[in-house]
Peer 1: 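Take this structure, written in structure tokens, and hold onto it; I'll ask about it next.
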Amino acid sequence: MLDVRGLRKVYSGGGRRVEAVRDLTFTLGAGELVCVVGPSGCGKTTLLKCVAGLLAPTSGEVLLHGRQVTAPPPAMAVVFQEYGRSLFPWMRVGENVELPLRQKGLPRARRRELVTDALAAVGLSDAEAAYPWQLSGGMQQRVAIARAVAFEPEVLLMDEPFAAVDAQTRADLEDLVRDLWHKLGVTILFVTHDIDEAVYLGQRVIVLSSSPTVVREELTVDLPDARDQLHTRGDPRFTALRTHVLEQVRAAKKGLPLPSPIRDAGT
Amino acid sequence: MLDVRGLRKVYSGGGRRVEAVRDLTFTLGAGELVCVVGPSGCGKTTLLKCVAGLLAPTSGEVLLHGRQVTAPPPAMAVVFQEYGRSLFPWMRVGENVELPLRQKGLPRARRRELVTDALAAVGLSDAEAAYPWQLSGGMQQRVAIARAVAFEPEVLLMDEPFAAVDAQTRADLEDLVRDLWHKLGVTILFVTHDIDEAVYLGQRVIVLSSSPTVVREELTVDLPDARDQLHTRGDPRFTALRTHVLEQVRAAKKGLPLPSPIRDAGT
Amino acid sequence: SPSPNPPAAPEGGKQPDSVKVGVIPILDVAPIYLGKDKGFFSSRGMDLTMESGQGGAAIVPGVVSGQFQFGFSNVTSLMVAQSKGVPIKGVANGVASTGVDGEDFGGIVVKGDSPIRSAKDLAGKKVAVNTLKNIGDTSVRASVRKAGGDPGAVRFVEIAFPQMPAALDAGQVDAAWVVEPSLTAVKAKGGRVVASNFVDTAPDLTVALYFTSDKLQADNPDLVKRFQEAMRESLTYADAHPDEVRQILTTYTKIDAASLPGLILPKWPAEPNRASLEELAKLSRQDGLFATAPDLAKLVP
Amino acid sequence: MDDQAPGGGQPAAPARRGTTAWLGVAGLATLLAALEIVPRTGLVSPDFFPPTSRIAQALATEVTDPAFWVALAGTLKGWALGLLIATSAGVVTGVLIGAVPVLRELTASTIEFLRPIPSVALIPLAVLLFGTDIRSTLLLVTYAAFWQVLLQVLYGVQDVDPVAEETARSYGLRAPARVRYVLWPTALPYVMTGVRLAAAVALVLAITAELVIGAPGLGARIAVAQQSNAVPDMYALVAVTGLLGVLINLGARAVERRTLAWHQSVRGEVVA
Amino acid sequence: MRVARRLLMALALPVVLFVIWWFATANSSNFYFPSLRTILGAFGEVWTGERLTVDVLPSLLRLICGYLAAVVVAVTAGVVIGSHRRVRAFAEPALEFVRAIPPPVLVPVIMLFAGIGDVMKIVVIVFGCVWPILLNTVEGVRAVDSVLLDTARSYGVRGSARLRHLVLRAASPQIFTGMRQSLSLGIILMVISEMFAAGNGLGFTIVQFQRGFAIPEMWSGILLLGLLGFLLSLVFRVVENRALSWYHGLRRSQRS
Ligand SMILES: Nc1ncnc2c1ncn2[C@@H]1O[C@H](COP(=O)(O)OP(=O)(O)OP(=O)(O)O)[C@@H](O)[C@H]1O
Ligand SMILES: Nc1ncnc2c1ncn2[C@@H]1O[C@H](COP(=O)(O)OP(=O)(O)OP(=O)(O)O)[C@@H](O)[C@H]1O
Ligand SMILES: [Mg+2]
Ligand SMILES: [Mg+2]
């Protein structure tokens, strides 16, 4: 459904030329939940923006349903890493969440329902009338998540969506994302730094190398589909997988060569 | 050295009145490293801003060396949660780090040295000439950290400083903070969401309740002073402590009553 | 104040023509206000409205485009316009100098303690006129020439009449050509009149005219004729009734009541003085105001 | 810098507004006192620059004249209409040009060419077209005020935060929606400044047009007072225009407090 | 290539407008709207040779002095007023009072204090140019991001460093908006100031043409004013692009 082919992005400007992404190729099936991890600055946000049609790749292409993505496709929602700046300061929380729904042309009653549910799901029911800048960092980030959730997208792109929330809330939100994914069958590309989170959430984990960025590894998470915070994280297979990913990220950061056997390293 | 006494902060404005912090009292000894955890939106940032003298408490007071803090004291550095907005977009990375040093009146050569070292420590040596907005989220956050580190403050306040960096970098930065603390004897108040991080870093962990916010628990981390990522985190005592804090945060989030025995819960 | 006469019914019950006249709200145009008040215009089937503009910049284009039927302007401006081919034509006399040296409604003034005694001393001095290259500098030069000075050595500065008393007082200029009521203001501060430039230019100099556009003249000669007649009557009446003139001034100007009696009123002869205009045209031409001489025959009614 | 000082915690907003009003009155009073003193010290002659008290006297007589109120109404009408036209035209054009880069490039040189053409140079044109009609005033007022708004809008449009813009695009907001929900609120602070600038320029031009062309209004009255050497009356009328300026600004600030409650410049003054 | 494109973009619309003007007035018999051909003819005659040094140059000098003085005054005052709420409350009504006074009325007052020479004309230009810069500076300073302010405060960035590195930079996009506004206002005020007590200058000459019914010459003067505005704006853009390179980069950063 979502194909990234030979993606390359070079930023130039301000006297700097940075090859943010060198060559990325991978595929997401419809309804898949894939996590992306990689060292800081390796190009995860760049990748996401290219997939979202917000940034034109220098070369390579992104295909959605076989058609090239050149502009943001409809029915796609993005949670930006810069959550603070992605909320509109001139709108109250409720309006921020509602705006995309209005754009979708949903009737008023349905919009209200979605907004209320989404805010409740992220634990912000009583902040609906506040302005974003009256909220704490974590609350702002949750508003951005609520906006994406309420949108009921077909494809959901999330860039470190839980970076600013506390451990417990994070766990709850992780479960929320999986719930949503189950319920709506949405395709999710999820960027995170938390390796446990990547393994806990994803069906697959894509590990990016450090710059010059390529796909270092694509790891299938062979954990049972029904996951919960207590048991899944206690599972020895989980531990094995996370240790493997951690090593990969570490190696990626140090710029070590790719390990030869990809799949069985975690076993 | 740093006393927070009966701190209370109520935000009002825009038709909303939020009691961000109800009553906080605790003390930091000179050269202590204390971590603060608590549910999202419980008032950690508010607390930090009051300590930094950036926000006037509604009641209660903050004392530094016995004198009330009403304005930012000199020799204090703050790493803000909103790292993206705390960098000056019109200055290159190097200038951003250098500015406070210039303010301090350091000679040019010394400034250069500090800037270079700090940027190297956070792994951004080659980004010195970039503008902040040319960097990835994690890189921006590291610039903010570098700025604080280069400042060589007496008191260092950090608000979720590693939220946007990857696991490996995070571990490196944690060690950087502890190094710095050892080397300079700086007093550190460190807000984080990562419970492992809190336990790994701190001599004590202060757990805040959810709103109305009070200190739910002050926990002494009785791990040996020499910590390293591999052994410390493998230590069963570490696991016990983190589990205890996690439960506290969970309970705090659910608004459960304070447990009666505070200290021995983790043992 | 004079009770406004009810507009006399125009002959034949015809609707009166609505006539707009562009004027400057100064002393000089008192006759038209007075004439309107006396019903000289309404009795000829004209419903007169005065539009007060600040000068030629607004009035001449207004008349040319037909926004105003008639306008008031000083003769030099009209000559310049004519020589440039602006399609306008004088229709009635406007205002004239009293012809009495030292007792004219305008003059060259200096501060009381100024070393300047006569127009001759103006050579090399800074003299304020309201507009450069106009009647002011031409007539001031005439005074200097007549007094035996070097007219080419006078330096002119452009300052509006209302600002002249202050400029003179502050020493920003050495002398100023002012007209009433600024003249009274200067004299009240101890200023002296050193020459009457209009008198020195030509005897009984015609200073301003009422004019219309060639187009109106061609399209509606009857209206022009009626306006001419009414104007003549108004001028004659005003010239003969100075008290009523002073009275009418209170209706359209803000001249201080205390200084009203002392104002020197100009002359309002019914017809322009052709000879004085020829003299002025000659002097203006010398000053380079226009390359080709204006056709006075066409300009002067 | 007292805006940022701690301790500004939460004083009741109404009380603050009260102080603000008093400070403003004090500021005006200081200005007027200075204007009273200057001529009294002999720096300039009171004959040409009358002290405030003398102007106030003239103003007192002025306001008893019904013709004054008619003139005031005339000026305000020209001002309000001109400002309305200029603002709407400026905002629409500005958003259009600002949102479409090609248009912006195409029009930039022409805009820069037309802006410095002084309204006073257009006076003959206005008279030619409309005489002393209010349309003359409108033409001049609109021409001058339009550029003020347009330029502010152009700069405001450029101020859109790229992250906010990307958010809007990624959620499928189409161009009109992006203009309404992202671009417009971003530009609004600039627009407010533009409107405040334009309001004063419109007033200035309304009066100037009346002054020079003689369209009925305060300006025409000023012209009469000037020509008649009625110095205090002239200043009294000028003071009226100044007071109008103060009132207009009060109105603009009130609107701003409502529409820009979310903006840093306004919220910074409520919360510490 | 890029230069050619920009040139094309800059010239396209003006050329179209001029062509329209040319044909619309080709057979004009209206005295006040001569044909463009006549105007261009007059342009060549009038604005060459001695006039450039005698009239255009002094005007330009006065304009530049006045404009620069206005920038300094307005930015200084704007920073003070913008960063202190109480100062703003105190000063704003008084400033608004003065701002609403039309230059044609104000000039005589300025003449009382500044005489009738160049100083007066420069003061008039300053007086008109100050407002857009002042208002924009005030608003720009008020809108400085709170996190940046907190950052500067906590790192002890105070006094002139705070001003230079934080307040002015953060407000600079808006300050430049005001400066751009004022540039053309400056030209307008240059003309107005030269309507009073002037003996030379571009505005003076245009007014003389107007009074002397030299209508094609007057139009050519207006053309020259427009041209001047355009040229000055080009210079301004170079300065702005340098000073605001970070800002334009930031705004463009994610659009590439
Ligand atoms: N400027 C403000 N105006 C009004 N309310 C505010 C403001 N800043 C914070 N608050 C409120 O105060 C409370 C505490 O906010 P604070 O930012 O201190 O939380 P926090 O503990 O840092 O949360 P997080 O971990 O999510 O960053 C929240 O309920 C928030 O909505
Ligand atoms: N607008 C830009 N202009 C120039 N360079 C940029 C820009 N945005 C990103 N880069 C560069 O591209 C590289 C990848 O950035 P990106 O934001 O994609 O990283 P990331 O993987 O999201 O990192 P993080 O985990 O820290 O958010 C970095 O080196 C960064 O400096
Ligand atoms: Mg990123
Ligand atoms: Mg926080």
Side-chain angles (χ1 to χ4, degrees), chain C residues 54-67 73-74 76-88 126-137 155-173 176 213-215 284 288-291 294, chain E residues 28-35 38-39 42 45-46 54-55 58 102-121 123-124 191-222:
Chain C
Q54 216 180 25
I59 296 176
V60 176
V63 172
V64 169
S65 71
Q67 299 288 344
S73 172
N74 85 54
T76 305
S77 296
L78 291 177
M79 288 180 200
V80 173
Q82 234 250 336
S83 75
K84 285 278 179 186
V86 186
I88 49 173
K126 218 193 262 182
V127 180
V129 292
N130 73 328
T131 30
L132 290 176
K133 296 204 168 179
N134 209 297
I135 194 165
D137 38 6
R155 287 182 296 141
F156 291 101
V157 187
E158 182 173 301
I159 297 179
F161 287 129
Q163 275 88 57
M164 283 186 190
L168 194 64
D169 192 59
Q172 291 163 357
V173 292
S213 63
D214 287 354
K215 185 168 182 312
S284 303
L289 264 59
F290 29 76
Chain E
S28 170
S29 60
N30 188 320
F31 183 76
Y32 279 93
F33 296 115
S35 68
T38 322
I39 295 174
E45 268 167 46
V46 175
V54 173
D55 286 317
V105 187
L106 199 69
V107 178
V109 181
I110 293 176
M111 273 166 66
L112 289 179
F113 294 92
I116 56 176
D118 285 339
V119 177
M120 177 274 278
K121 289 168 192 93
V123 171
V124 172
V191 173
I192 292 185
S193 74
E194 287 173 0
M195 289 166 72
F196 294 83
N200 64 5
L202 187 48
F204 169 80
T205 315
I206 291 176
V207 173
Q208 288 300 317
F209 285 146
Q210 194 185 56
R211 289 215 195 104
F213 304 97
I215 301 301
E217 286 82 356
M218 179 194 87
W219 280 111
S220 79
I222 292 178

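All chains are named by letter (A, B, ...) in the order of the sequence lines, taking the proteins before the strands, and each is independently numbered beginning at 1.
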Peer 1: Can you find a pair of side-chain heavy atoms, one from E:Gln208 and one from C:Glu158, that are under 4.5 Å apart?
Peer 2: yes
Peer 1: What part of C:Ala81 is in contact with chain E, defined as an atom under 4.5 angstrom from a non-hydrogen atom: side chain, backbone, both or neither?
Peer 2: both
Peer 1: Is the closest side-chain heavy-atom distance between E:Ile215 and C:Val86 below 4.5 Å?
Peer 2: no
Peer 1: If every non-hydrogen atom of C:Gln172 is compared with every non-hydrogen atom of E:Leu112, which pair is closest and at what distance?
Peer 2: NE2-O, 4.3 Å
Peer 1: Start with the C-alpha distance between C:Lys84 and E:Glu217, add both sets of side-chain angles, then the distance that settles salt bridge (charged side-chain N to carboxylate O under 4.0 Å, His left out), and finish with yes or no.
Peer 2: CA-CA 12 Å; C:Lys84 285 278 179 186; E:Glu217 286 82 356; 5.0 Å; no
Peer 1: Looking at side-chain heavy atoms only, is the closest gap between E:Arg211 and C:Asn134 below 4.5 Å?
Peer 2: no
Peer 1: Which bit of C:Val80 is near chain E, if near means a heavy-atom gap under 4.5 Å: side chain, backbone, both or neither?
Peer 2: both
Peer 1: How far does CZ of E:Phe213 sit from OG of C:Ser77, to the nearest 0.5 angstrom?
Peer 2: 5.5 Å
Peer 1: Under 4.5 Å, heavy atom to heavy atom: which of residues 161-169 of chain C reach chain E? Give them by number, or say none.
Peer 2: C:Gln163, C:Ala166
